**Student:** 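Here it is, the structure in full.
Each chain gets a letter, A, B and so on, in the order the sequences are listed, and its residues count up from 1. In this text, all values refer to a predicted model and were calculated from it rather than measured experimentally.
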Amino acid sequence: MKRYNPSEIEAKWQQIWEQDGTYEADLHDTSRPKYYGFSMLPGITGAGIHIGHGRTYQFSDIKVRAKRQQGYNAYHPIGWDSFGLPVENYAIKVGKKPRQAHDEAKENFIRQLKRLGFSFDWSKEISTADPAYYKWTQWIFAKLYEHDLAYQKEQPQWWCETDNTVLANEQVEGGKCWRCGNEVVKRNLKQWFFRITAYADEMLDATDELNWTDMVKTMQKNWIGRSLGAEVEFAVEDSEEVITVFTTRPDTLFGASYVALAPENPLVQELAVGDQREKVETYVQAALAKSEVERQESKEKTGVFTGRYAINPVNGAKVPIWVADYVLGGYGTGAVMAVPAHDERDYEFAKKFDLPIIQVVEKPENEDDAGAYTGEGELVNSGRFDGRRSALAREEIVTWLESRNMGRSKTTYKMRDWLISRQRYWGAPIPIVHVEGREPIAVNEKNLPVELPDVDDFKPKGGNTSVLAEIDDWVRVWVNVETGETVNITESKPDGDAWVEGQRETDTLDGYACSSWYFLRYIDPFNGEQAWDPELAKKWMPVDYYNGADHAVAHLLYSRFWMRFFYKLGLVPTPEPFKRMMYNGYIMAPDGNKMSKSKGNVIDPMEIMDSGYGADSLRVYEMFIAPYDMDAPWDTRGVPGTYRFLNRVWNLTQEYVAAPETGAANDAEILKATHATIKKVTSDIEDEKFNTAVAAMMELVNTLYKLKEAQPIVKTEAWTFAIESLLQILAPFAPHITEELWHELGHGDTIHRDHWPKWDESLLVADTMTIIVQVNGKLRAKLELAKDTPAEEVEAAALVDEKVVQFLGDKKPAKVIYIPGRLVNLVLK
RNA sequence: GCGCGAGUGGCGGAAUAGGUAGACGCGAGGGACUUAAAAUCCCUUGAAUGAAUAAUUCGUGCGGGUUCGAUUCCCGCCUUGCGCACCA
């Protein structure tokens with residue numbers, strides 16, 4: 001009997017699959033339903049993949065493999081997130097140019113991914129740093145600019161002094177840079193933005209409908225952070241100035257006892273007067289000098305009175321104007337009306353600085369008196385609004401303000417526009433030419449891509465520009481101010497008044513921009529005429545299944561935003577890119593921590609595979625270890641377990657191959673177990689319950705072993721069906737061993753296309769039922785009865801059961817509960 | 001602080017329209033085969049009492065509640081993971 005030797009058969013089949021194009025999808029084939037699934041494209045940073053990454057790609061691999069076997073035109077693409085900070089930093093670390101560093105590291109990635117046996121369509125591989133790809137990233141930029149969704153703005157931006165670049169809000173995590181983890185600072189810079197806030201409402205409203213991991217949906221919603229409220233204008237006493245505040249509680253307006261401005265608010269400088277002026281300036285200086293992290297670390301309220309007063313529009317009350325750093329410059333209007341009685345922060349502030357606390361909403365009686373009451377209730381001390389419910393009064397007060405032009409309802413978002421320019425070399429150049437005295441000019445499509453020039457020293461110098469600014473020949477360019485066409489400055493100037501000398505934008509696009517549309521390029525990867533063919537998009541979009549373990553906010557928001565934009569242009573058939581998006585859990589190191597190279601606790605999949613277990617055992621264990629979305633610690637002893645399981649499958653099949661052609665076998669039981677397992681595994685894969693799918697297959701194998709002990713294997717139809725079905729449902733998990741055994745059974749084609757077993761529901765219906773008999777809710781007996789036994793007979797049978805009688809004694813049950821087909825509960829008083 | 005999860009044997013985890021708790025695997029113990037070991041196969045394995053593979057009791061983070069019956073539903077806590085965090 002042949003022994004299971006993974007390293008031999010895995011290498012063999014990987015080579016054959018590649019030769020035969022087993023996993024290549026015909027993107028133009030319309031004869032079958034499509035299935036489009038993949039995991040987030042890998043970013044290459046040199047370390048190679050660890051056990052957790054491998055698992056991430058396996059989820060989509062299994063989903064797509066199953067569909068491919070079920071007859072779908074299934075596409076599992078692969079590509080590289082090649083542009084951006086991570087790759088550039090990696091290049092700096094290894095002392096090579098980014099493209100070279102990337103390409104070399106990529107070889108290692110490819111070797112690892114291939115070794116794991118993923119069913120990627122390698123013939124359609126893409127890279128975001130390929131000019132044929134970023135040409136279209138630039139084209140999208142130009143389209144956004146044309147539709148006023150890309151713009152330049154000067155304002156204080158997050159800046160990382162380690163990575164020498166600005167960062168988007170989404171890339172600042174707790175005041176620290178997403179790449180290097182160092183604290184970020186603010187720099188005042190003119191930067192490019194995408195107007196993602198224009199889609200805030202649409203995206204928020206659509207989020208609930210998405211069939212995504214709930215956690216990710218929640219994170220998206222929180223990030224967008226919609227607040228319904230109002231803007232209210234407070235006139236400044238003895239001044240023309242007006243302070244506009246944003247509030248979600250206009251119903252508490254009568255309780256406003258001061259107005260607070262953020263230190264960044266420009267009005268602060270104008271309002272501070274007299275002997276307060278110096279104090280205010282000192283305070284503002286100190287606040288602005290502090291890093292954002294420092295400002296947030298201490299919740300202790302600080303502030304300074306400006307010496308000026310504002311007028312509450314509802315009652316004409318004179319309230320002091322303060323400067324306080326708990327008011328954020330970048331949110332709302334940078335000014336708030338403070339209602340200490342009904343806002344915890346205002347309450348703390350008022351307590352500290354001894355400002356009035358005016359209650360305007362009745363508290364419920366059981367509410368304890370300390371602190372601010374932030375709930376709803378009847379209004380008091382609120383003039384003509386007294387007695388109204390706070391929730392209703394919100395609208396009424398806003399209406400009242402609107403009629404006097406002193407306020408209006410307003411929706412505010414936490415999400416800001418997406419900052420996409422980077423002062424770094426390794427990215428797609430922003431396709432813009434600047435000409436003195438004109439709006440920025442988008443480079444004409446026919447001159448795209450604006451290629452990233454090769455430079456010797458690409459490392460950032462810390463200034464406000466990328467190193468591209470130093471390449472004079474590249475920056476200076478002839479541009480047609482009407483068409484956006486460009487000609488290299490070293491050529492002679494074209495004829496015509498529209499041609500002038502301009503200067504290229506020297507910032508590059510954030511890597512996130514490049515990865516915000518790759519799922520569309522996958523479906524038309526070699527198109528030289530357009531970014532993708534809208535007809536193909538109609539066929540392939542949306543993505544049926546998308547998996548990731550990172551980028552729960554930024555990447556997904558950006559992709560959704562762009563997709564909605566493309567939808568409006570008629571380039572894609574749906575506004576949402578990902579029909580189903582799942583966020584898988586992490587595999588933790590055996591020490592319970594996240595795997596990381598610095599901790600030295602990384603498990604290398606290659607080592608496990610090369611130690612003789614092979615890819616299939618590793619793959620099966622990766623699925624078996626834990627449910628999809630839960631973190632689980634790696635246990636090195638798990639792989640031998642799944643290896644044993646695959647060995648049992650191997651040996652069982654070998655026995656079948658050697659078995660006699662004729663004879664008797666326990667066919668009915670074999671068929672029943674097999675059909676039940678097919679059903680279970682098929683639906684488990686559909687529901688992404690891969691761990692229980694593996695368990696079900698193990699159970700089937702255990703059952704078949706028991707059956708063959710009782711009666712040796714014969715090549716009956718039942719045994720043939722059992723063995724072939726087992727291999728087919730196991731194939732997405734363990735593609736190599738199943739392919740090998742499939743061929744050993746005499747099949748000439750691959751198991752991985754168009755082979756999925758069907759189950760017969762009628763075989764699964766039992767003709768008897770097991771009735772659980774409980775006495776006072778505790779299991780006391782089991783009855784095996786005919787399926788359609790009437791209720792009275794079931795109850796009667798329960799009452800005379802030997803064990804039940806023991807428990808009942810001479811008492812009669814006070815109550816008998818019968819759940820048809822399941823259980824009888826006899827209740828004693 | 002707020003939001004979203006999760007807490008079940010020695011370990012990873014099964015099972016929730018409320019109805020046999022602990023599937024499957026790891027680990028552990030025992031046995032078969034073998035000169036021996038590995039591999040393989042078979043059996044046992046939640047805890048307590050018990051000679052028992054007789055029986056009973058306890059048992060799904062803690063405290064209550066609803067119910068004939070709660071791992072599942074409700075209320076109040078504790079622990080822990082992730083995200084956000086002075087967002088007015």
**Student:** Check the distance between B/U40's C1' and A/N647's CG and give it to me in whole angstrom.
**Tutor:**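 After rounding, the reported distance stands at 9 Å.
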**Student:** Give a yes/no answer on whether the side chain of A/N702 brings an N or O atom under 4.0 Å of OP1 or OP2 in B/A23.
**Tutor:**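 Indeed not, no polar side-chain atom of A/N702 lies that close.
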**Student:** Between B/G18 and B/G31, how far apart are the P atoms? Round to whole Å, please.
**Tutor:**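 48 Å, rounded to whole Å.
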**Student:** Using a strict 4.0 Å threshold on nitrogen-to-oxygen distance, state whether A/E699 and A/K680 make a salt bridge.
**Tutor:**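 A/K680 and A/E699: not salt-bridged.
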**Student:** Roughly how far apart, to the nearest Å, are B/U40 and B/A52 at atom C1'?
**Tutor:**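 After rounding to an integer number of Å, I get 32 Å for this pair.
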**Student:** What's the gap between B/C73 and B/U20 when it is taken at their P atoms, as a whole Å value?
**Tutor:**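 Comparing P positions in B/C73 and B/U20 gives a spacing of 15 Å.
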**Student:** On RNA chain B, nearest-nucleotide positions of A/G638 versus A/A626: which is more 5'?
**Tutor:**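 Per heavy-atom nearest nucleotide, the more 5' residue is A/A626.
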**Student:** Heavy atoms under 4.0 Å, any strand shown: does A/G332 hit a base, just sugar-phosphate, or nothing?
**Tutor:**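 Answer is nothing: A/G332 stays at 4.0 Å or more from every strand.
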**Student:** State whether A/Y586 and A/K594 meet the cation-pi test: NZ (Lys) or CZ (Arg) under 6.0 Å from the six-membered ring centroid, and within 45° of the perpendicular axis.
**Tutor:**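 Yes, cation above the ring, under 6.0 Å and within 45°.
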**Student:** To the side chain of A/W223, which of B/C82, B/C24, B/C84 is closest?
**Tutor:**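 Among the listed nucleotides, the one closest to the side chain of A/W223 is B/C84.
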**Student:** Could you check how far CG of A/D325 sits from P of B/C86, rounded to whole Å?
**Tutor:**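 Nearest whole value for this atom pair: 11 Å.
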**Student:** B/C82 P sits how many Å from A/W212 CH2, rounded?
**Tutor:**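 Rounded to the whole Å, the gap is 22 Å.
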**Student:** To the side chain of A/A695, which of B/A23, B/G19, B/G25 is closest?
**Tutor:**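 Among the listed nucleotides, the one closest to the side chain of A/A695 is B/A23.
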**Student:** In which stems does RNA chain B show up, taking only runs of three or more Watson-Crick or G-U wobble pairs whose two distances fall under 3.5 Å?
**Tutor:**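 Paired runs of 3+ in RNA chain B: B:1-7 with B:78-84, B:10-12 with B:24-26, B:27-32 with B:40-45, B:46-49 with B:55-58, B:61-65 with B:73-77.
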**Student:** What nucleotide among B/C26, B/C42, B/G19 has an atom nearest to a side-chain atom of A/Y705?
**Tutor:**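 The answer is B/C42.
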**Student:** Between B/G19, B/C42, B/G12, which nucleotide gets closest to the side-chain atoms of A/Q774?
**Tutor:**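 Nucleotide nearest to A/Q774's side chain: B/G19.
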**Student:** Would you confirm whether the ring centroid of A/Y258 sits within less than 6.0 angstrom of the ring centroid of A/F349?
**Tutor:**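 Yes, they do, as the ring centres are separated by less than 6.0 Å.
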**Student:** Can you tell me which nucleotide in B/C42, B/G27, B/U20 comes closest to the side chain of A/I772?
**Tutor:**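 When the side chain of A/I772 is considered, B/U20 is the closest of B/C42, B/G27, B/U20.
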**Student:** Taking the P atom of each, how far is B/G46 from B/A38, in whole Å?
**Tutor:**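 The same atom, P, in both gives a distance of 26 Å.
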**Student:** Round to the nearest Å and state the distance from A/Y586 atom OH to B/C82 atom P.
**Tutor:**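 In whole Å, B/C82 P and A/Y586 OH are 10 Å from each other.
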**Student:** Expressed in angstrom and rounded to an integer, what is the separation of A/M415 atom CE from B/G83 atom P?
**Tutor:**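 Taking CE of A/M415 and P of B/G83, I get 20 Å after rounding.
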**Student:** Counting side-chain heavy atoms from C-beta on, which of B/G81, B/A23, B/C84 comes nearest to A/D631?
**Tutor:**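 Of B/G81, B/A23, B/C84, B/G81 is nearest to the side chain of A/D631.
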**Student:** Are A/R560 and A/W212 in a cation-pi contact, defined as NZ or CZ under 6.0 Å from the six-membered ring centre and within 45° of the axis?
**Tutor:**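 Yes, A/R560 lies over the aromatic ring of A/W212.
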**Student:** Is A/P627 touching bases, backbone alone, or none of the nucleic acid, heavy atoms closer than 4.0 Å?
**Tutor:**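 Sugar-phosphate, backbone atoms only, no base.
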**Student:** In terms of the nearest nucleotide of RNA chain B, which residue is placed more toward the 5' end: A/G641 or A/K689?
**Tutor:**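 Upstream on the strand: A/K689.
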**Student:** Go through B/G12, B/A23, B/A88 for me and flag the one nearest to the A/P633 side chain.
**Tutor:**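 So the side chain of A/P633 is nearest to B/G12.
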**Student:** Output the single nucleotide from B/G12, B/C24, B/A88 whose closest atom is nearest the side chain of A/I625.
**Tutor:**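 Of all the options, the side chain of A/I625 is nearest to B/G12.
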**Student:** In terms of side-chain heavy atoms, does A/N547 have a donor or acceptor partner in A/Y628 at a distance below 3.5 Å?
**Tutor:**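 There is such a pair between these side chains.
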**Student:** Using a heavy-atom cut-off of under 4.0 Å over every strand shown, decide if A/R416 touches base, sugar-phosphate, or nothing.
**Tutor:**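 A/R416: base contact, heavy atoms under 4.0 Å.
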**Student:** For a quick check of understanding: with a heavy-atom distance under 4.0 Å over all strands, which category does A/E344 fall into, base, sugar-phosphate or nothing?
**Tutor:**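 No contact.
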**Student:** Which part of the nucleic acid does A/K680 contact within heavy-atom distance under 4.0 Å: base, sugar-phosphate only, or nothing?
**Tutor:**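 A/K680: no heavy atom of the nucleic acid under 4.0 Å.
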**Student:** Quick one: is B/G13 close enough that its OP1 or OP2 comes under 4.0 Å of any side-chain N or O from A/T692?
**Tutor:**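 No, outside the criterion.
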**Student:** For the residue pair A/M698 and A/R644, establish whether any side-chain heavy-atom pair is separated by less than 4.5 Å.
**Tutor:**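 Side-chain contact under 4.5 Å: no.
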**Student:** Measure the acute angle between the ring planes of A/F353 and A/W322, then classify it against the limits of 30° and 60° as parallel, tilted or perpendicular.
**Tutor:**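 It falls in the tilted class, 30° to 60°.
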**Student:** Rounded to whole angstroms, how far apart are CE on A/M219 and P on B/A85?
**Tutor:**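 Between P of B/A85 and CE of A/M219: 11 Å.
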**Student:** As a test of reading the structure: which of B/C68, B/C24, B/G13 is closest to the side chain of A/M630, going by heavy atoms?
**Tutor:**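 Closest nucleotide to the A/M630 side chain: B/G13.
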**Student:** For the side chain of A/R644, counting heavy atoms from C-beta on, which of B/A88, B/A23, B/C26 is nearest?
**Tutor:**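 Nearest to the side chain of A/R644 among the choices is B/C26.
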**Student:** Expressed as a whole number of Å, how far does the P atom of B/G65 sit from that of B/A70?
**Tutor:**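 Result for the P pair: 12 Å, nearest Å.
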**Student:** Should the side chain of A/K217 and the base of B/C4 be counted as holding a donor-acceptor pair, with the cut-off at 3.5 Å?
**Tutor:**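 Donor-acceptor pair under 3.5 Å: no.
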**Student:** Say you pick atom P in B/U45 and the same atom in B/A6; how far apart are they, in whole Å?
**Tutor:**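 About 31 Å, rounded to a whole number of Å.
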**Student:** Below the 4.0 Å mark, does B/C42 have OP1 or OP2 next to a side-chain nitrogen or oxygen of A/R648?
**Tutor:**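 Checking B/C42 against A/R648, a side-chain N or O does come within under 4.0 Å of OP1 or OP2.
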**Student:** For A/D629, answer base if it contacts any base atom (sugar-phosphate contacts may also be present), sugar-phosphate if it contacts only those atoms, and nothing otherwise; contact means non-hydrogen atoms under 4.0 Å.
**Tutor:**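 It contacts nothing in the nucleic acid.
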**Student:** For a quick check, tell me whether the side chain of A/N825 and the base of B/C68 share a donor-acceptor pair closer than 3.5 Å.
**Tutor:**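 Under the 3.5 Å cut-off, the side chain and the base do form a donor-acceptor pair.
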**Student:** Could you check how far NZ of A/K594 sits from C1' of B/C82, rounded to whole Å?
**Tutor:**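 Taking atom C1' of B/C82 as the reference, NZ of A/K594 is at 9 Å.
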**Student:** When rounded to the nearest 0.5 angstrom, what distance separates OG1 in A/T244 from CZ in A/R408?
**Tutor:**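 The CZ atom of A/R408 is 6.5 Å from OG1 of A/T244, to the nearest 0.5 Å.
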**Student:** OP1, OP2 of B/A88 versus side-chain N and O of A/Y326: anything below 4.0 Å?
**Tutor:**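 Checking B/A88 against A/Y326, no side-chain N or O comes under 4.0 Å of OP1 or OP2.
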**Student:** At under 4.0 Å between heavy atoms, what does A/V327 touch on the DNA or RNA strands: base, sugar-phosphate, or nothing?
**Tutor:**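 Touches a base.
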**Student:** Using whole Å, report how far CG of A/L618 lies from P of B/G25.
**Tutor:**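 So the CG-P distance, A/L618 to B/G25, works out to 19 Å.
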**Student:** Looking only at side-chain N and O atoms, does A/N222 come under 4.0 Å of OP1 or OP2 in B/C4?
**Tutor:**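 No.
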**Student:** Closer than 4.0 angstrom, basic N to acidic O: yes or no for A/E8 and A/R3?
**Tutor:**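 So A/E8 does not pair with A/R3 through a salt bridge.
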**Student:** Any luck finding a side-chain donor-acceptor pair between A/Y4 and A/N651 under 3.5 Å?
**Tutor:**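 Result is no, nothing qualifies.
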**Student:** Could you check whether A/T302 and A/Y283, counting side-chain N and O atoms only, form a donor-acceptor pair closer than 3.5 Å?
**Tutor:**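 Result is yes, a qualifying pair exists.
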**Student:** Syn or anti for B/G5, please, going by whether the chi angle lies within 90° of 0.
**Tutor:**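 The base of B/G5 is oriented anti (glycosidic angle more than 90° from 0).
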**Student:** Rounding to the closest angstrom, what is the interatomic distance between B/G9 and B/C4 at atom C1'?
**Tutor:**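 To the nearest whole Å, 29 Å.
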**Student:** Taking atom P in both B/U67 and B/C74, compute the distance separating them and give it to the nearest angstrom.
**Tutor:**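 Roughly 16 Å separates the two P atoms.
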